[in-house]
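Take a look at the structure below.
In what follows, chains carry the letters A, B, and so on, assigned in the order in which the sequence lines appear, proteins first and then strands, with residues in each chain numbered from 1.
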Amino acid sequence: METTRKKFNWRRFAIASLVLYIVFLIGPVVGLDIPVVYAAIKANPLQLVQFLIIGISNGAIIAIIALGYTMVYGIIELINFAHGDVYMIGVFTSLTVLSLTGTLESKDPVKIVFGLILALIVSVVFCAVLNATIERLAYRRLRNAPRLAPLISAIGMSFIIENIGLMWAAQAWLVPSFGTTGGASQKVFPDMLGILFTSLGWDVNLLASSGIALRLTIKDVIVIVLAVALMTGLYLFVQRTRLGKAMRATAQNRDAAKMLGIDIDWVITATFLIGGGLAGAAGLMAGLYNNTAWWFMGFRAGLQSFTAAVLGGIGNITGGMLGGFLIGLLASFSDGYLNARWTNALVFATLVLILLFRPTGLLGEQTGQKA
Amino acid sequence: MKNIRSGITFGIIGGMLTFLFGGWSVAIIGSLMGVGLGMGISGKLERKEPLKIILAVLPTALVAAVILVLLSLYQNNFVQHAIGKRPAADKIVLYGNLIGFFGTILFTTLLAALHGLPEKQEQKWRMVLLTLLVIAFPFVDKLTALRWTAQIIFALIFVILGLGLNIVVGYAGLLDLGYAAFFAIGAYTTGILSSPQHGIFMNFWLVIWIAAAMAAIWGFMLGAPTLPLRGDYLAIVTLGFGEIVPVLFKNLIDVTIKEPFTCWILPGLLKLFGAQTTMACITLMEHEDLTAGEKGISPIGRPYLPFIGEFKSSDPIPWYFLIIAIIILSVFIIRRLRDSRLGRSWMAIREDELAAAQMGIDPVKTKLAAFAMGATFSGFAGAFYAAYIAGIFPSVFDFSASIIILCVVILGGIGNINGVIVGGLVIMTADRLFLPALKDFLASLLTHTVLPSISDPVVQLAVKDNANPILYRFLLFGLTLVIMMAVRPEGLIPNAQVRAELHPDETPAIEVETPTSKKAKKG
């Protein structure tokens, strides 16, 4: 024991210093120019806090999506590639509901609130059912197949849903603001919360009167509060209820859980339902917060959330939340100080580094590392 | 009876295809259909004398040919009106249908009759026949003015890509979702080394090797840190690389590389201690545009051969034979690799990594070799692609390209060279020939027949906007993956071992072990 502790891992040290040198050498090419970043932070320290706020809000959304990945991975050890795209469908569902109920054109606060609540319900239910349907159609019969089979099926499902989103974004008769330019371009998700609070006569920026040059908007607060509420609810559900207990049992050992009379199929379906519902809620929140709807947005969100899930320790619900916030901060700082086009690359680099140096994530293992 | 049924299916599919292309297409479709039908049913027949086999399959061939010609004639006389085009000239109709009819019968019976020969001879003659067809195809295409060759070349590029990915996914069992990155590296190497934008003109015959080597080096470099990872983690990390590489190529437009020690680490430290620095900063590159971003690199040097001259984009035939030559070379190398010690260790790793490691195979080294070898072939494909298109753009190499290549491997049959070739041809002809033709067909059908009968302008617009099959490309690829995984995970032409692994209860294990049964299944 003692000898292993004393032995310095030269190989790891050499790799780490090599990686560090390469980061310094090639970093500026990808915007990671440390002197420049340092100068930017020194010039305007308050901006750092601003990016922190944006990062936490986006991180809350990422965390909610990450929960869907981590729960599914915890139970059936499958990366549900389609999950990010379910979230994208959530954005489009809520936008469509808002459009069909006439909320988008309305200035009446009561109507907007009811429209938003209806959009949340419809989006959650629709995404939950969609996610469970994906499981039923694409994964269930492959549960005992070699590992690659359900993974490939999941990629196929992700492609199918992306294509559905692409078609959806072209239907101007559903949402007139989509326009006639086809489905490929980014669409606007109207800033309903801004409209709501302006019509109530409130200032959207909570810090406007305090004189600090920062923007902490009501949107940030709502997103964070809603996200924390959802996460707490999920945590209590998994820890306290009978079904939550069954989920944990299934995650630990599927066969043993089956022997104890747990209906595995139902538990897995329930997991997918919950994950999809969370993705639907995240879809509405992201639409309201970032004000865009795009058929390809699920891909980026999916990658970031998966990285978040791995960072926190995949299969671990608390870890997923933590990872979500961390990745949100990373993405926000990268968008702000480096360059938005390199953010994905940076998130990926993070993913690779975690997987290489701490594959169990920050909060430890829930599922074993099997070959 | 079963054969007649497949004859009917082939005839209907072939006939429907003539709906889209019209004109001379019936001749080529008929002949190709005959080849497919002949190979398809000969596997189910008993080995008899060739003459008896011919008699046995003649009804099937006749049924297929009659259905094909009937549908083709229907197309010419009725469908052409519905899509607002004039029927083809009588001469084309007469000769096209005659060739289609007899082509179907001839090739079906011929390929089935070959089954009457002993196995070795059957394979030999089949290869001879297929070679003749491959050689004849571009010339026939030129004669009939169908212009399919240019698109078939794309299909063949994806065949090479599929063959390369097959090493990684099929032999070594590693799911690589970012394979298009290596394709991009091959293409950009070619672009940078043989484009006037950088003032470097290297001969294509040299560049193609450099591109392959470059792809292999990057395969090695990207594989080295990631390959210790487990299956699905590896998949997502490779997906990341596949995502980063096109972004990189898109944004390498203002590159400045300064050596960090001399430029700011040491000066900074010295400054901290109050010393003045007079050290020279080593600058490797300053504000250089490497890839021209979204505009892409264009033009790119073309290959040159004596007697043929420089390859031109107007004449696809030299390109066609060049890519066929690359495929033959690749298949030769991959076969040798597959049966080598390295290839067998790939398969051992795929079956059971732990057991293979116990037998003295180094898993990481073996996987790394698979990664680098797989990348090499996409380097070839990338170099050819860049020269053929004479321009490269970063959007070509995004995630969907990787998935299309994966589709090629999955559809054809994981781990089977013939399967991958068939898969590549099917997927890419569907993508490049069938979907655009279907789009044109539907568009003209709508404007001439369907839309005038719809009165509501909103519905009219909705129908018109959504009836574009090209918009459903991703849906089709996704469905291919999901359906193949659910119904036939081993692919159209399966590898015996993969099949046995996927259906443990059906195939007796002993059958897999014998080399003869493996050969027989490969056909």
Side-chain angles (χ1 to χ4, degrees), chain A residues 15 19 21 24-30 34-35 73 77-79 81 137-138 141-142 145-153 155-164 166-167 170-173 180 182-183 299 303 306-307 310 339 341-342 344-345 347-349 351-352 355-356 359 369-371, chain B residues 169 173 175 177 225-226 228-233 235-237 239-241 243-244 247-248 250-252 255-261 264-265 268 284-285 353-354 399-400 403 406-407 410 414 458 461-462 465-466 471-486 489 501-502:
Chain A
I15 291 174
V19 166
Y21 182 75
F24 284 140
L25 182 67
I26 315 188
V29 178
V30 298
I34 291 166
Y73 197 93
E77 294 202 14
L78 165 73
I79 299 172
F81 268 96
L137 292 179
R141 55 192 303 168
L142 298 174
R147 285 188 79 104
L148 288 193
L151 205 58
I152 292 169
S153 196
I155 296 161
M157 261 303 164
S158 155
F159 249 51
I160 293 173
I161 296 173
E162 275 174 19
N163 206 144
I164 292 173
L166 181 64
M167 296 316 297
Q171 310 306 322
W173 54 276
T180 51
F299 187 77
L303 290 177
F306 180 76
T307 308
V310 174
N339 192 328
R341 61 186 179 214
W342 298 114
N344 265 359
V347 171
F348 260 115
L351 177 65
V352 175
L355 286 178
L356 283 179
Q369 176 93 329
K370 287 176 274 186
Chain B
V169 177
L175 187 55
L177 296 179
T226 50
L229 297 175
R230 199 172 56 156
D232 33 6
Y233 282 164
I236 206 134
V237 169
L239 186 152
F241 283 129
E243 188 62 16
I244 291 173
V247 174
L248 211 62
K250 205 183 289 177
N251 293 321
L252 286 181
V255 183
T256 305
I257 298 182
K258 289 181 177 175
E259 212 278 333
F261 272 113
W264 58 273
I265 294 183
L284 300 173
M285 261 184 218
E353 195 176 322
L354 204 62
F399 180 55
S400 62
I403 298 303
L406 184 68
C407 266
I410 302 286
I414 303 176
V458 177
L461 196 69
D465 279 350
N466 291 324
L471 288 178
Y472 300 95
R473 277 177 79 214
F474 287 177
L475 191 74
L476 291 182
F477 292 130
L479 276 178
T480 311
L481 289 179
V482 174
I483 293 176
M484 287 307 287
M485 280 301 118
E501 192 190 342
L502 287 165

Under 4.5 Å to a heavy atom of chain B? For A:Leu142 that would be side chain
Exactly one candidate in B:Leu239, B:Val237, B:Val247 meets side chain to side chain contact (heavy atoms under 4.5 Å, CB included) with A:Phe348; the answer is B:Leu239
Bottom line for B:Ser400: the part with an atom under 4.5 Å from chain A's heavy atoms is both
Determine whether A:Phe81 and B:Leu177 make a side-chain contact, defined as any pair of heavy atoms from C-beta on separated by less than 4.5 Å. yes
Residues A:Ala138 and B:Val482: closest non-hydrogen pair is CB-CG1, 4.2 Å
Value for CD (A:Glu162) from CZ (B:Phe477), rounded to nearest 0.5 Å, stands at 13.5 Å
The interface call for B:Ala235 against chain A, heavy-atom contacts under 4.5 Å, is side chain
In this structure, CG of B:Leu475 is separated from CE of A:Met167 (nearest 0.5 Å) by 9.0 Å
* May I ask you to decide if B:Leu471's main-chain N or O and A:Asn163's side chain share a donor-acceptor pair within less than 3.5 Å? => yes
Whatever's closer than 4.5 Å to a heavy atom in chain A on B:Ile410 counts as side chain
Quiz prompt | B:Leu175 and A:Ile152: CA distance, side-chain angles, deciding distance, side-chain contact (heavy atoms from CB on, under 4.5 Å) verdict | solution = CA-CA 9 Å; B:Leu175 187 55; A:Ile152 292 169; 4.2 Å; yes
Interface check, chain A: of B:Leu479, B:Ile483, B:Thr226, most non-hydrogen pairs under 4.5 Å belong to B:Leu479
One option among A:Ile15, A:Leu78, A:Ile79 has the most heavy-atom pairs under 4.5 Å with chain B, and it is A:Ile79
request  = Report yes if some heavy atom in the side chain of B:Ile236 is under 4.5 Å from a heavy atom in the side chain of A:Leu351; otherwise report no.
outcome  = yes
TODO: Would you please classify the geometry between the A:Phe159 ring and the B:Phe474 ring as parallel, tilted or perpendicular, with 30° and 60° separating the classes?
DONE: tilted
Here the gap from B:Tyr472 atom OH to A:Ile160 atom CD1, rounded to the nearest 0.5 Å, amounts to 14.0 Å
